[in-house]
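Values reported hereafter were calculated over all heavy atoms of this structure, with side chains retained and with hydrogens, waters and symmetry mates removed. In what follows, chains are A, B, ... by sequence order, proteins preceding strands, each numbered from 1.
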Amino acid sequence: MKTVMLKSAACVILFFTLHVSSATAQGFETIGEADWDETAVRRVLHVFAYGGAASDSQIALWSFMRPSTAIQEMLTFAPNNPLLSPAEDVSTGHAGSLEALQTWLSSGDPDNLTCPGDRNRFNETNERADGEIVLRNQGLQQAWIAAVRTRGLNPFRHNVGFWLVNYQMAVNLHDTEPPLLRDHYDRSLDGLAAGRPFHEVLALGATSAAVAREYNHRNNTYNNNTGTFRGNDDFAREFHQLFFRINGDTEDPAYHEDVTIEHTAWALTGLQIDKVSNAYGTTLNREWWVAPIDFTDHTDETGRSILNATRNYQGNLEILHNTISGATAEDKLFDLAAVAIQHPESLANLPVEIVNFFADDNLDVEKTTAIQEAWSAIAGTPNDLLHFIREYAVSTAFHGASTLKYRTAFQRNMTIYNLNTVDNEETYGNTFSPRAPMLEQGADVFVPAHDVFGGQTSLNAANNPNLFQEAYNRAVDYPANLARTVDVCRDENDVALGTWRKDWARVIPTTGGMYPVAEVGLWLWNRFVGDGGRNFGTLERANVAALLATGMDLGFAIDPAAPETIYSVTQLSSEPLLTALTNLQSANLELGSATTSTRQEANRRIGLAINFISMTPAMFVTEGTELSQAPILPPPIDPDAEPVELNGAIQAVEAGGPPKTITLSGATVWISPETALQFEDSAGANELMPGQSASGTAVENTDGSLTAISLEIY
Amino acid sequence: MRALSENNDVNRRDFLKGSMYTALMAGGTASLALGTPRVASAQVATPRPRTLINVMLLGGADLRFLLVPEPGTAYADKFWEARSPMYQDNPANAALYPDYISVWNDLYLPTTHGGTTFGIHNNAAWLKAQFDLGNVAIVANTLGSDNRRHDHSQLIVNTGDPLASQYVYDRDGWGGRLIYATGPPGTANAVSVTNDVSIFCNGIDAANRNARVVHARDTRDFGLSNGDGDPLSDHTAMARALRAYYSQKQIEAGAMPVDWPHRKFLQHELAARTFGEAFNARLNAISPVQPVALQNLYTAGSGNTLNDIGFGRQCANVYDTFIGADLFQMRLLSLEYTGWDTHKNERAEFGAKIEDIFGTGKGLDVLSQELETIPGVAESVAYTFNTDFGRQLRANGDYGSDHGRGNYSIVVGQPVEGGIYGEMFPVSEILGGEGSTRFDQQGADIEGRTSIERILAAACEWVEPGTGPMVFPGAASSILENGVDLDGLFKLTDVPEPSMSLLLPTGAALLAGLAWLRERNH
């Protein structure tokens with residue numbers, strides 16, 4: 001009997017979880033641990049979670065972990081992720097859905113921390129001048145913005161939700177009603193949080209009321225008596241081409257048009273939507289649509305006869321050379337989705353589209369192949385999308401030097417806005433919203449610029465000189481958007497209830513109790529750009545230092561009598577300006593002053609510096625980096641080794657605790673000097689949580705590590 | 001230093017009107033493929049170089065709804081049988097349009113050319129008037145994309161490349177190629193008045209697709225802010241900071257690789273700064289207030305607001321760009337109009353959109369009238385209209401039409417040799433027995449007989465002789481309907497000598513074309 005000893009790490013690690021992935025994510029190579037540093041962690045947070053809201057210490061903690069362990073904590077689909085966005089108040093209890101959040105934020109609930117005078121920005125309805133109560137798009141848009149920004153929720157979840165409803169399964173607030181769109185959003189995220197395979201989430205979208213309104217197939221009918229279809233084939237085409245990325249390239253064109261698309265149109269019958277009188281408190285009949293769709297024959301609350309069962313095609317359909325069956329449209333579409341996700345075109349195109357959207361505009365053949373292999377190994381299994389994103393997020397394909405992602409106006413503004421928020425006191429107290437600047441820059445939440453083809457793309461944004469101009473002019477003409485330091489909370493009658501004041505001191509670390517400009521500048525750059533200072537060169541440092549030290553630009557700070565003078569890098573790197581710059585950088589920001597006005601001025605200067613940083617080219621694109629270390633690979637197995645039996649239990653390891661003996665089986669495993677254990681189980685998806693145990697047998701590898709050959713988890 | 005004013009609303013245009021700002025560039029030598037603005041004269045240059053205005057109708061416009069057959073023919077009978085649901089889209093319209101003659105009389109303007117009588121939708125009365133003047137060429141049975149997918153088809157049409165790979169968006173467009181073929185950097189540019197710069201405008205320089213594109217999304221809010229005039233304000237401090245920073249960053253860029261990802265944004269800053277001040281000065285001198293007729297197109301409550309305010313603004317932007325055309329070295333304009341994917345309620349949807357573009361007193365009519373006030377423009381401008389694809393011959397079950405392929409192409413302008421090119425309503429569509437014609441076939445569409453490459457190549461040749469084969473190397477071997485000759489698509493006229501652009505040696509244009517060809521072959 002051989003006992004495998006785990007050594008606790010000396011560093012601060014509270015606990016770790018042990019994850020057994022459903023199948024090997026072939027294709028991706030995990031980033032080496034030497035490259036998994038704070039910059040890599042921030043890169044993940046910036047790309048996938050609008051920068052996140054994790055503390056500096058949490059970011060450091062993740063960087064100490066094995067990347068494949070850290071990523072399980074960083075990226076989850078649960079409504080709350082206390083590590084990614086620590087809870088600060090009761091908002092966590094209203095995070096279950098966008099509907100719940102919007103309802104709470106707009107309510108008179110005593111525990112609603114939004115200023116009473118600001119709650120109406122989240123209102124679902126509005127009263128028109130003619131007295132009609134109508135739905136209001138802005139309420140939903142502001143609720144989503146709040147979902148990203150509010151500490152205690154989960155910005156990764158809402159980034160993915162945004163992608164699903166604005167791109168992958170895009171619907172437009174101009175074509176459907178906010179409550180239907182919100183239902184589509186919430187059900188999609190609920191599906192992901194419940195671990196449903198991605199094709200089922202796509203099927204949820206395909207059977208949603210919002211999509212039926214968007215494409216109008218709610219009016220499609222099949223007369224089973226006469227064998228006659230009546231309707232349009234719009235979504236029948238886009239179900240394949242947009243949702244699953246099946247373009248018909250591998251099918252005979254006539255078959256694709258006349259069988260696959262046509263028969264999908266027949267399946268998309270019987271999706272009429274119910275109405276409820278005065279739904280949402282509205283008075284206009286045309287806004288009374290409610291979700292979800294009821295696929296039975298029934299009478300809705302307004303007396304409309306809904307014959308969704310009768311008008312759905314009865315029988316099996318041939319689609320994609322498969323027999324698709326189901327009693328209702330919903331059943332058929334779920335059946336079809338299970339086929340579509342395994343279609344060669346979907347396996348090839350869908351994962352590439354996912355990575356291209358989130359993370360990389362520079363995919364080459366090698367990266368594309370890795371992406372396709374990784375997805376093919378797990379597509380159709382529970383949690384496939386989450387596993388795929390996690391594996392990618394810690395891969396060399398993502399972190400490598402060839403990766404670059406131009407930011408859309410959504411990504412750039414929401415990241416800046418999120419990271420410019422100190423805490424929830426600011427969330428509720430600072431009334432500025434990025435909705436207006438995003439709109440100027442062509443980014444309207446839930447109103448995709450290209451309609452069902454999605455919102456602004458990264459290439460759209462990067463190749464849009466006007467977008468740059470708008471962002472630039474916003475920084476110059478409205479610096480207070482990011483430099484606001486005080487706001488007054490008022491009630492519905494405009495009576496002041498209290499004052500919020502910006503307090504960067506709550507998050508910016510001190511150096512010996514001081515806030516040296518040079519260090520604050522670097523901290524700000526790392527927070528907002530997240531590149532470890534790689535692009536924080538002489539020009540950037542000098543300009544940030546001037547704004548922090550004096551509240552004015554570099555030209556004015558050096559010579560107030562000639563502020564228009566422009567100084568070159570060479571001049572700034574040599575005397576006399578070098579000394580002047582050093583003096584600026586060694587100045588102290590009075591964030592800790594006992595005087596309110598002094599503190600306020602220090603916070604304002606930080607805001608100006610953030611304005612400047614937000615307009616540097618580095619803020620418009622995220623990049624990978626040169627990787628120094630070979631990726632982690634499983635060790636070679638000694639083919640002649642005799643199996644050994646292992647005993648023990650895998651449990652959560654606490655900091656400073658004794659090593660744990662383990663028993664494991666059925667997985668490829670290798671033991672590292674650190675505390676984390678890596679499993680790859682080809683048998684099925686099992687999340688091995690702290691407290692669980694496993695037993696079995698293993699063989700010893702040539703380097704002394706172990707490979708388990710049978711695993712039972714209990 | 002003045003205290004921060006949290007609600008400062010800086011009106012940059014007002015500030016610039018009184019501004020005497022000049023930029024101090026400390027040795028910046030950054031190159032700009034767009035060139036530098038011509039002399040910021042208060043005069044507008046004449047005569048004008050030929051300028052092509054391309055309007056992309058996004059979504060797949062059913063131009064068979066714009067152009068219809070005359071009643072009383074076998075073709076018209078099948079046409080009505082297949083498409084009547086589009087017109088009878090509610091009980092009232094079903095009663096109003098019991099037959100095709102009622103539709104013809106109520107919705108279409110009879111038009112005759114060369115013995116063919118057809119109808120033009122009465123919401124396109126300006127187009128009809130232009131046709132009667134000989135300024136409209138209708139090319140029937142055209143084909144751009146042979147697939148029925150929006151994204152891929154738009155890529156094909158905007159690049160002018162039938163073999164364009166799907167999902168490859170970082171590539172040149174035919175408008176960009178035309179610019180490079182027209183002349184070397186600094187002599188010809190494209191101007192985009194759309195929200196995003198279309199792939200159509202993308203140049204052949206892979207490191208900077210926008211190298212020769214001016215983005216004029218809002219001509220009345222153009223260029224970079226210089227603050228509020230108060231040297232101590234936060235606004236002016238930010239303006240000085242960013243201006244100085246970018247001026248030095250341009251120098252740093254010289255040492256960076258061609259494909260440095262940050263380069264795009266330096267280009268945007270330089271272009272906006274370089275052209276912004278010159279253009280704003282020109283506008284202030286010549287047209288400090290945009291013509292009211294154009295403003296009305298995009299102003300809610302004006303009494304003549306277009307259904308699509310965005311298109312109204314694009315029309316107004318076009319006018320302004322002609323005022324500064326010599327500053328921009330403008331030879332090409334890019335416009336877009338979305339929403340042509342009429343799977344449902346086509347009668348109302350299509351009617352509203354076609355009126356915006358071609359209606360009397362609407363988009364292009366108002367624009368044309370205002371452009372008449374700028375000497376030399378009317379006779380030097382031509383419009384091409386492109387779309388993803390055509391639509392199916394039959395109505396679907398939702399009072400609309402589904403994706404097809406073949407379509408009509410329309411070219412408009414005084415330089416155009418107006419008329420009908422091709423068989424307007426192909427007899428082949430009604431051949432076959434009862435229930436067996438193309439109109440009866442599920443999914444059938446207009447058969448493409450003439451490639452849009454040929455049409456657009458002719459347009460390129462008109463813009464600048466010699467560019468057609470460079471921009472569309474495959475045009476000469478692409479499909480052409482029997483009996484159709486597009487060589488005369490544009491009237492034979494002398495090439496105008498633009499007074500303020502460089503006289504290009506022919507070799508320069510050839511070199512540009514060869515460079516493009518090399519990239520295409522790479």
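- Minimum interatomic distance between B/M238 and A/P479 (heavy atoms only, all atoms of both residues): CG-CB, 4.2 Å.
- Residue A/L554: no heavy atom, backbone or side chain, is found under 4.5 Å from chain B.
- Only the side chain of B/L266 has a heavy atom closer than 4.5 Å to any heavy atom of chain A.
- With a 4.5 angstrom heavy-atom cutoff, B/Q154 does not touch chain A via any of its atoms.
- Side chains of A/D249 and B/Q166: a donor on one and an acceptor on the other come within 3.5 Å.
- Side-chain atoms of B/H235 and A/D477 form no donor-acceptor pair, as typed in the model, at a separation below 3.5 Å.
- Counted by atom type alone, B/Y167 and A/N247 present one or more donor-acceptor pairs between their side chains at under 3.5 Å.
- Neither the backbone nor the side chain of A/A546 comes within contact range of chain B; no heavy atom of the residue lies under 4.5 Å from a heavy atom of that chain.
- Geometrically, A/R230 engages B/Y399 in a cation-pi contact, judged by NZ or CZ lying under 6.0 Å from the ring centre and within 45° of the ring axis.
- Electrostatic pairing of B/K249 and A/E540 counts as a salt bridge here, judged by a charged N lying under 4.0 Å from a carboxylate O.
- Ring centers of B/H343 and A/Y215: at least 6.0 Å apart, outside the cut-off.
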Q. Can you list the steps and then say if A/E564 with B/R243 is a side-chain contact (heavy atoms from CB on, under 4.5 Å)?
A. CA-CA 9 Å; A/E564 299 290 347; B/R243 184 171 58 246; 2.7 Å; yes

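- Using cut-offs of 30° and 60° for the angle between ring planes, the B/Y246 and A/Y472 rings count as tilted.
- Of the N and O atoms on the side chains of A/N464 and B/D196, at least one donor lies less than 3.5 Å from an acceptor on the other residue.
- To the nearest 0.5 Å, atom CG of residue B/L242 and atom CG of residue A/N543 are 8.0 Å apart.
- For the pair B/K264 and A/F620, the cation-pi test (distance below 6.0 Å, angle within 45°) is failed.
- In this structure, chain B has heavy atoms under 4.5 Å from both the backbone and the side chain of A/T616.
- Only the backbone of B/N195 comes within contact range of chain A, with at least one heavy atom under 4.5 Å from a heavy atom of that chain.
- For a residue to count as touching a neighbouring chain, one of its non-hydrogen atoms must lie under 4.5 Å from one of that chain's; by this rule A/N349 touches chain B with the side chain only.
- The part of B/E252 that comes within reach of chain A is its side chain, from C-beta onward, which places non-hydrogen atoms under 4.5 angstrom from that chain.
- B/R148 touches chain A through backbone and side chain together, each having a heavy atom under 4.5 Å away.
- In this structure, chain A has a heavy atom under 4.5 Å from the side chain of B/D341, while its backbone stays farther away.
- A salt bridge does not link A/R237 with B/D402: every distance from a Lys NZ or Arg NE/NH1/NH2 to an Asp or Glu carboxylate oxygen is 4.0 Å or more.
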